[in-house]
Trainee: 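Okay, here's the structure, questions in a sec.
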Amino acid sequence: MTQDHTTGPDATPETPAPWRPSRTVAVVLAGGTGTRLGLGIPKQLLKIAGKPIIEHTLAVFEAAPEIDEIVVLMASGHVADAQQIVDKAGFRKVTKVIEGGDTRNATTRIALDAVGEADCNILFHDAVRPLVSGRIVRECVNALWSYAAVDVAIASADTIVKVDEDDCIVDIPVRSSLRRGQTPQAFRSGTIREAYRLAEGDPNFAATDDCGVVLRYLPGTPIKVIDGSDENIKVTHPVDVHLADKLFQLAAAQAPRVTDERSYTEELTGRTIVVFGGSYGIGHDLAELARRYGAQVFPFSRSSTGTHVESAEDVEAALKTAFEATGRIDHVVVTAGILEKGSLAEMDQETMDRVLQVNFVGPVIVARQSLPYLQQTKGQLLLYTSSSYTRGRAQYALYSSTKAALVNLTQALSDEWAEFGVRVNCINPERTATPMRTKAFGEEPEHTLLAAETVAQASLDVLVSELTGQVIDVRRAPGEAPAASVPGQATRDASPASAG
């Protein structure tokens with residue numbers, strides 16, 4: 001068990017006897033039914049960012065060195081579903097997946113029985129808070145060296161009003177003393193057991209908050225509050241699903257950077273990467289970077305190899321070439337695409353067909369043809385969208401809509417292919433300096449555009465990560481050199497909408 005004994009200057013031990021827990025147990029409370037989300041399954045089984053919510057949550061505690069054991073309390077009738085997720089993900093710290101109670105109080109009592117009588121640290125956490133951080137877990141465990149009960153909360157950005165039965169304000173508490181509670185809530189096992197023992201004698205006992213039980217029945221016990229985070233949201237309402245998914249995207253944009261060139265070499269040496277649209281822009285730069293780190297890269301494009309992504313025969317031939325040369329395909333990248341600007345009403349049929357075929361049908365064909373190869377290596381398919389996917393824009397309606405379709409395709413395939421161990425992600429770069437962009441939009445200030453090499457580097461980071469189902473935003477960092485000042489970039493098409 002790894003724990004940090006460091007305490008803050010204001011730490012005051014509750015008792016003279018030193019606390020010596022046998023272990024630290026995370027109890028993941030997954031008893032919700034998803035009623036408010038309008039689902040036919042418990043909300044913790046809903047997939048966000050390519051995985052069930054509960055899997056994201058369990059992964060945090062699995063990775064936390066402070067946690068020795070995980071116990072899952074699952075909604076009635078769905079214990080087998082949770083156990084399957086645990087087994088498939090290979091969570092070694094999960095020792096029990098059992099059915100929870102009808103109420104939060106009953107579930108806590110079941111959890112205490114499951115943990116056993118030995119002195120230990122217990123953290124209770126809502127399964128539908130999948131964005132809890134390792135920092136929060138660590139600080140909860142550390143605080144238990146000095147306090148018998150610990151809560152997690154954040155300051156309220158809103159004024160809180162107290163109302164009467166007629167919904168009229170009767171009080172406005174001072175906001176500076178108010179906090180919004182989150183989880184986990186952490187306890188020394190003896191403290192939470194005693195609080196619930198005392199509560200059993202109260203016929204009016206009812207609580208949805210374990211710290212509230214300690215506060216009411218052990219009023220002399222200090223409850224330490226540590227800082228939570230705005231990202232540690234609880235997925236309760238439909239809007240929370242969209243917020244959580246976006247927060248995972250934002251986290252993914254920062255997460256997968258490899259620390260040094262040696263690590264890239266270790267990850268990529270001997271790997272085979274196929275790039276469709278690899279003659280120019282992002283595809284070209286990605287191919288060059290991957291080769292530098294030891295990967296075997298096979299770029300295909302309309303201009304250099306006569307490969308049309310919308311042709312199943314061309315795609316099949318390209319993949320076969322790479323496989324026969326190396327015996328494997330680890331990653332397939334699709335940067336090919338075109339942008340035809342103009343009013344939909346005035347666009348001719350040939351142009352419409354070309355945009356739809358290259359931008360959407362092409363990636364679909366590549367995905368279907370690539371799956372058998374990627375299954376063998378547990379590899380990854382990487383697609384590219386555009387910032388316009390979030391909102392269709394006049395004069396390039398088909399381009400925007402096909403890019404939105406690729407985002408949907410990414411999320412759907414990451415779900416479908418999870419059973420095969422194949423990951424699917426999508427890069428979303430901001431405006432990038434490319435000849436294609438100049439042709440469509442004219443000259444723009446260089447300092448406002450992203451360099452193609454930046455997008456290629458982010459793409460490589462995603463390829464060597466374990467991400468799946470993510471739309472990774474790539475943005476120009478403050479102070480980054482103008483795109484045109486990066487050697488070799490001024491004449492390359494860095495947009496994902498390049499036919500290569």
Side-chain angles (χ1 to χ4, degrees), residues 6-12 14 29 32 36-37 43 48 53 57 60 103-105 108 123-188 191-192 195 199 204-251 254:
T6 305
T7 59
D10 60 341
T12 55
E14 184 195 17
L29 304 169
R36 280 174 283 188
L37 283 175
K43 54 189 175 182
I48 291 179
I53 291 174
T57 303
V60 176
T103 65
R104 172 64 179 268
N105 305 148
T108 298
L123 280 70
F124 293 99
H125 185 70
D126 297 323
V128 288
R129 291 187 187 271
L131 286 147
V132 63
S133 67
R135 188 271 302 172
I136 291 175
V137 174
R138 181 176 63 254
E139 291 188 10
C140 281
V141 176
N142 286 349
L144 287 174
W145 289 108
S146 302
Y147 296 89
V150 180
D151 204 354
V152 174
I154 60 174
S156 175
D158 300 312
T159 296
I160 305 299
V161 299
K162 182 178 180 180
V163 300
D164 60 18
E165 61 274 10
D166 297 319
D167 287 334
C168 293
I169 293 177
V170 296
D171 190 21
I172 302 178
V174 178
R175 191 173 66 185
S176 61
S177 64
L178 300 177
R179 298 290 186 274
R180 291 160 49 203
Q182 300 182 335
T183 63
Q185 294 183 331
F187 306 91
R188 296 179 181 181
T191 298
I192 190 65
N204 299 316
F205 170 65
T208 58
D209 179 276
D210 293 314
C211 280
V213 179
V214 173
L215 183 66
R216 180 171 180 178
Y217 296 99
L218 294 174
T221 302
I223 303 174
K224 178 66 174 175
V225 177
I226 68 167
D227 290 334
S229 71
D230 291 327
E231 292 79 14
N232 187 22
I233 65 171
K234 185 176 183 180
V235 179
T236 304
H237 303 286
V239 68
D240 299 328
V241 176
H242 300 290
L243 291 174
D245 197 57
K246 188 60 180 177
L247 287 170
F248 271 112
Q249 292 176 25
L250 294 174
Q254 304 170 3

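No hydrogens, no waters, no symmetry mates; every other heavy atom, side chains included, goes into these values. Here, residue 1 is the first one in the sequence, and each next residue gets the next number.
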Trainee: Tell me, do Val225 and Val152 make a side-chain contact under 4.5 Å, heavy atoms counted?
Mentor: no
Trainee: Is the backbone N or O of Arg129 less than 3.5 Å from a side-chain atom of Asp126, with the two atoms forming a donor-acceptor pair by type?
Mentor: no
Trainee: If I compare all heavy atoms of Pro222 with all of Gly220, which pair ends up nearest, and what's the gap?
Mentor: CD-O, 3.3 Å
Trainee: Would the distance check show the side chain of Ser177 and the main-chain N or O of Val174 forming a donor-acceptor pair, the cut-off being under 3.5 Å?
Mentor: yes
Trainee: If we only count heavy atoms from C-beta on, is the Phe124 to Leu29 side-chain gap below 4.5 Å?
Mentor: yes
Trainee: Looking at Ala157, is its backbone amide N or carbonyl O close enough to the side chain of Arg175 to form a donor-acceptor pair, meaning the two atoms are under 3.5 Å apart?
Mentor: yes
Trainee: Checking side chain to side chain contact (heavy atoms under 4.5 Å, CB included) for the pair His125/Val60: CA distance, chi angles, key distance, verdict?
Mentor: CA-CA 11 Å; His125 185 70; Val60 176; over 6 Å; no
Trainee: Examine distances only and state if a side-chain atom of Thr183 and a backbone atom of Gln185 form a donor-acceptor pair shorter than 3.5 Å.
Mentor: no
Trainee: Between Gln182 and Ile226, is there a side-chain heavy-atom distance shorter than 4.5 Å?
Mentor: no
Trainee: Measuring only between side-chain heavy atoms, which start at C-beta, is Asp227 closer than 4.5 Å to Ile154?
Mentor: no
Trainee: Please determine if Arg104 and Asp209 form a salt bridge, counting it only when a charged side-chain N lies under 4.0 Å from a carboxylate O.
Mentor: no
Trainee: Would you call Phe205 and Val213 a side-chain contact if the rule is heavy atoms closer than 4.5 Å?
Mentor: yes
Trainee: Working to the nearest 0.5 Å, report the span between SG of Cys140 and OH of Tyr147.
Mentor: 13.5 Å
Trainee: Check Ile233 against Ala244 and note the closest heavy-atom contact, atom names and distance.
Mentor: CD1-N, 3.8 Å
Trainee: Nearest 0.5 Å, what's the CG-CG distance between Leu178 and Asp158?
Mentor: 11.0 Å
Trainee: Has the side chain of Arg135 got a donor or acceptor atom that lies under 3.5 Å from a matching backbone atom of Val132?
Mentor: no
Trainee: Are any of the side-chain heavy atoms of Ile192 and Arg188 separated by less than 4.5 Å?
Mentor: no
Trainee: For Val214 versus Ala149, what's the shortest heavy-atom pair and its separation?
Mentor: CG1-CB, 4.3 Å
Trainee: Supply the atom-to-atom distance Leu131 CG to Asn232 CG, rounded to the nearest 0.5 angstrom.
Mentor: 7.5 Å
Trainee: Val235 versus Ile53: any side-chain heavy-atom pair under 4.5 Å?
Mentor: yes
Trainee: Report yes if the side chains of Leu215 and Ile223 come closer than 4.5 Å at any heavy-atom pair, otherwise no.
Mentor: yes
Trainee: For the pair Leu123 and Val141, evaluate side chain to side chain contact (heavy atoms under 4.5 Å, CB included) and give the outcome as yes or no after the intermediate values.
Mentor: CA-CA 8 Å; Leu123 280 70; Val141 176; 4.0 Å; yes
Trainee: So, for Ile172 and Thr159, which heavy atoms are closest and what is the spacing to 0.1 Å?
Mentor: CG2-CG2, 3.6 Å
Trainee: Taking Asp166 for the side chain and Cys168 for the main chain, is one N or O donor matched with an acceptor at less than 3.5 Å?
Mentor: no
Trainee: In Å and rounded to the nearest 0.5 Å, what is the CG to NZ distance from Asp164 to Lys162?
Mentor: 10.0 Å
